[in-house]
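Here is the naming used below: chain letters follow the sequence lines, and residue numbers restart at 1 for every chain.
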There are 2 protein chains.
Amino acid sequence: MAPAALTTEAILDAAEDVLRRYGPAKTTVVDVARALGVSHGSVYRHFPAKAALQDAVARRWLARVSEPLEVTADGEGPAAQRLLRWLQQLAAVKQRMAREDPELFATFERLTAEAREVVAAHVDQLTAQVSRIVAAGVASGEFAQVDPPTAGRAVLQATAWFHHPSHAAEWRSPGIGAELDAVWSLISAGLGARSPVRRD
Amino acid sequence: MAPAALTTEAILDAAEDVLRRYGPAKTTVVDVARALGVSHGSVYRHFPAKAALQDAVARRWLARVSEPLEVTADGEGPAAQRLLRWLQQLAAVKQRMAREDPELFATFERLTAEAREVVAAHVDQLTAQVSRIVAAGVASGEFAQVDPPTAGRAVLQATAWFHHPSHAAEWRSPGIGAELDAVWSLISAGLGARSPVRRD
DNA sequence: GCACTGACAAAATCTGAATTCTGTCAGTAG
DNA sequence: CTACTGACAGAATTCAGATTTTGTCAGTGC
C-alpha cells in the first residue's frame with residue numbers, strides 16, 4: 001500500500017528511530033528522510049531547520065517524562081506523600097533510563113543540551129507541578145504557609161542531584177535511593193509537613 | 001643568578017600559569033617545561049605522567065576552596081548560622097569565579113572533570129566539614145538527633161544546585177541568592193533547627 | 001651520585017583537501 | 001494548488017598524511 005502522506009508525526013517517529021540507531025552526532029536530515037523514503041527537501045516543508053526537528057524530538061521525549069508525573073501531581077491523598085512519590089517517580093524515570101540504556105540516555109542528554117528553550121519549558125512545567133502539590137498542601141493545612149512557587153522551585157533544586165542528568169554519574173551509587181530519602185526528610189520538614197513519613 | 005633547583009612546587013606554579021594562559025586543551029608538558037627553562041624530561045622526574053601533574057594542580061585549586069571553609073566549619077557560634085554561612089561561602093566562591101573569570105572557570109572545570117579521584121577526595125572533605133557542623137549542632141541540642149554523616153551528605157546534595165560546577169549556567173539568574181535562601185529554609189527545618197521555621 | 005638533557009618510539013593531535021550535509025528553490029507530477 | 005523532488009551553494013565534517021606530544025632512558029656534566 002502507498003505510505004500515508006508525510007506527516008510531522010511520521011517524521012518525528014523516523015527521527016527518533018534514527019537517533020536511537022546512530023546517535024545524535026551521526027544523525028543527518030538525509031538519514032531521516034531516507035528512513036521515510038522521501039527526499040530530505042520534504043522534511044524541510046515540516047521543519048524550518050534541523051534544530052527545530054531536534055527540538056521537537058526533545059519536546060516529545062520530555063513530554064513522556066512529565067505526563068505521568070502530571071497524574072501523580074494532581075492525584076489524591078496527603079500532599080507530602082504525593083510530593084515524595086512524585087520526586088521518587090521523577091528520579092526513578094531518569095535513573096532507570098541512565099542505567100538500562102546509557103547510550104540512549106547520552107543521546108537524550110546531548111539532544112536536550114542543545115534544546116535549551118525546550119528544556120526550560122519542561123523545567124517550568126515540572127516546577128508548576130511541584131508548586132501545585134505544595135499549594136494543595138498549604139490549602140489543606142498540611143504544610144506551613146510557604147509561597148508555593150518559591151517552595152516548589154526550591155524542592156526541585158534541592159533534589160536536582162537525583163534527577164538532573166548532569167549528576168547521572170552519581171546515580172551508580174547503590175545508596176542513591178536512601179540518599180533521596182535523607183534529602184526528603186530534610187526538606188519535608190521545611191515544608192512544615194505534619195506526617196513526616198518515618199523510616200528510621 | 002642560577003634558578004633554584006627544580007621543585008615540585010615550581011612546576012605546579014608554572015603549570016598553573018600555562019593553564020591560565022593557554023587553557024587545558026592546549027597545555028603540554030613541553031610548554032610547562034619551557035616556562036621553567038628546562039627540558040620536558042625533567043618534569044617527568046617529579047611527576048610520573050601528565051595526568052599526575054594535572055591532578056596535582058587540581059588538588060591545589062580545590063584546596064584553596066576547602067581551606068577557608070575549614071575555618072568557617074570549625075568556627076564559633078550557633079551551628080545553623082555557621083552552616084548557612086558555610087554554604088553561602090562555598091556557593092559564593094564558585095559563583096564568583098564562574099562570573100568573573102569564565103575562561104579560568106572552564107579550565108578549572110575541565111581539569112577537575114578528568115581528575116575524578118581528586119574531586120572525590122575534595123567532596124569527601126567538604127562532606128566531612130558539613131558533618132562536623134551538624135554533629136556540633138546535634139551535640140549542643142540545637143539540631144534534632146540526626147545522623148551527622150548522613151545529614152551532612154544530604155545537605156551538600158540538596159545544595160548542589162548552588163555550588164556544583166555543572167549548574168554554572170543557572171547561576172546567572174539574578175535570584176540565585178534568594179533561591180539558596182529558599183532551599184536553606186527548607187533544609188534547616190529538616191535539621192530541627194530552632195530558629196527559622198516552626199514545625200510543631 | 002645526582003639532576004638534568006636530548007633523542008627516540010608510540011600515541012595523540014593537527015591540517016587541509018575531499019566529501020557530506022544543510023538549507024533553498026525552481027521545477028515536476030498529480 | 002499541493003506535495004514533493006533534485007540540483008545547487010555554502011557550511012560542516014571526514015580522513016589520511018604530516019606534525020606534535022607523551023613518556024622512556026642512555027648519556028652528559030657537575
Side-chain angles (χ1 to χ4, degrees), chain A residues 1-59 103 106-107 110-111 113-118, chain B residues 1-59 103 106-107 110-111 113-118:
Chain A
M1 72 181 185
L6 187 61
T7 63
T8 297
E9 281 300 302
I11 294 172
L12 286 177
D13 289 341
E16 224 179 287
D17 273 1
V18 175
L19 278 166
R20 280 169 186 273
R21 241 193 281 283
Y22 300 103
K26 291 182 185 169
T27 294
T28 73
V29 176
V30 175
D31 289 334
V32 174
R34 186 169 30 239
L36 288 159
V38 299
S39 74
H40 79 280
S42 306
V43 173
Y44 282 94
R45 309 208 119 259
H46 294 85
F47 295 95
K50 186 185 183 185
L53 173 55
Q54 290 172 323
D55 282 4
V57 172
R59 206 173 292 120
E103 249 181 87
T107 294
R110 281 205 165 209
L111 209 64
E114 282 158 25
R116 294 170 169 280
E117 304 217 346
V118 172
Chain B
M1 73 182 189
L6 187 61
T7 64
T8 298
E9 280 299 302
I11 294 172
L12 286 177
D13 289 340
E16 223 178 289
D17 273 2
V18 175
L19 278 166
R20 280 169 184 271
R21 241 193 282 284
Y22 299 105
K26 292 181 184 169
T27 295
T28 71
V29 176
V30 175
D31 290 332
V32 174
R34 184 168 33 235
L36 289 160
V38 299
S39 76
H40 78 280
S42 306
V43 174
Y44 282 93
R45 308 208 121 260
H46 294 85
F47 295 95
K50 187 186 183 183
L53 173 55
Q54 290 172 323
D55 282 4
V57 172
R59 204 173 293 118
E103 250 181 85
T107 294
R110 281 207 167 208
L111 208 64
E114 283 157 25
R116 295 168 169 283
E117 304 217 346
V118 172

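- A straight line from NZ of K50(A) to P of dG10(D) spans 21 Å, rounded to a whole angstrom.
- Taking both residues in full, the closest heavy atoms of A14(B) and L36(B) are given as CB-CG, 3.6 Å, listed atom of the first, atom of the second, then distance.
- In this structure, the CD atom of E114(A) is 14 Å from the C1' atom of dA12(D), given to the nearest Å.
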Assess the residue pair R34(B) and D31(B) against the criterion (salt bridge (Lys or Arg N to Asp or Glu O under 4.0 Å)); give the C-alpha distance rounded to whole Å, side-chain angles, the decisive distance to 0.1 Å, and a yes or no.
CA-CA 5 Å; R34(B) 184 168 33 235; D31(B) 290 332; 2.7 Å; yes
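- Taking for each of K26(A) and P48(A) the nucleotide of DNA chain C with the nearest heavy atom, the 5'-most of the two is the partner of K26(A).
- Between dC21(C), dT5(D), dT24(D), one nucleotide has an atom nearer to the side chain of S39(A) than all others, and that is dT5(D).
- The side chain of R45(A) lies closest to dC4(D) when the candidates are dC4(D), dT22(D), dA7(D).
- Per the geometry, CD1 belonging to I11(B) stands 12 Å off P belonging to dA3(C), to the nearest Å.
- Of the side-chain N and O atoms in T28(A), none sit less than 4.0 angstrom from OP1 or OP2 of dT20(C).
- The NE2 atom of H46(A) sits 11 Å away from the C1' atom of dT2(D) (whole-angstrom rounding).
- H40(A) places its NE2 atom 10 Å from the P atom of dT24(C), with the value rounded to the nearest Å.
- Minimum heavy-atom separation, A33(A) to V43(A): CB-CG2, 4.0 Å.
- Contacts of V29(B) with the nucleic acid, taken as non-hydrogen atoms under 4.0 Å apart, involve only primed sugar atoms and P, OP1 or OP2.
- Atom-to-atom, CZ of R34(A) to P of dT5(D) comes out at 14 Å; the value is rounded to the nearest Å.
- Listed candidates were dG23(C), dT5(C), dC4(D). Nearest to the side chain of S42(A) is dC4(D).
- Set against dT5(C), dG23(C), dT22(D), the side chain of Y44(B) has dT22(D) as its closest nucleotide.
- In this structure, R110(A) places its CZ atom where only 12 or fewer heavy-atom neighbours from other residues, nucleotides or ligands lie under 6.0 Å away.
- Nucleotide dT2(D) holds its C1' atom 13 Å from the CG atom of L6(A), rounded to whole Å.
- The nearest heavy atom of DNA chain D to V38(A) and to A25(A) marks one nucleotide each, and the one closer to the 5' end goes with V38(A).
- Annotation for A56(B) and F47(B): closest pair CB-CE2, 3.8 Å, computed over non-hydrogen atoms.
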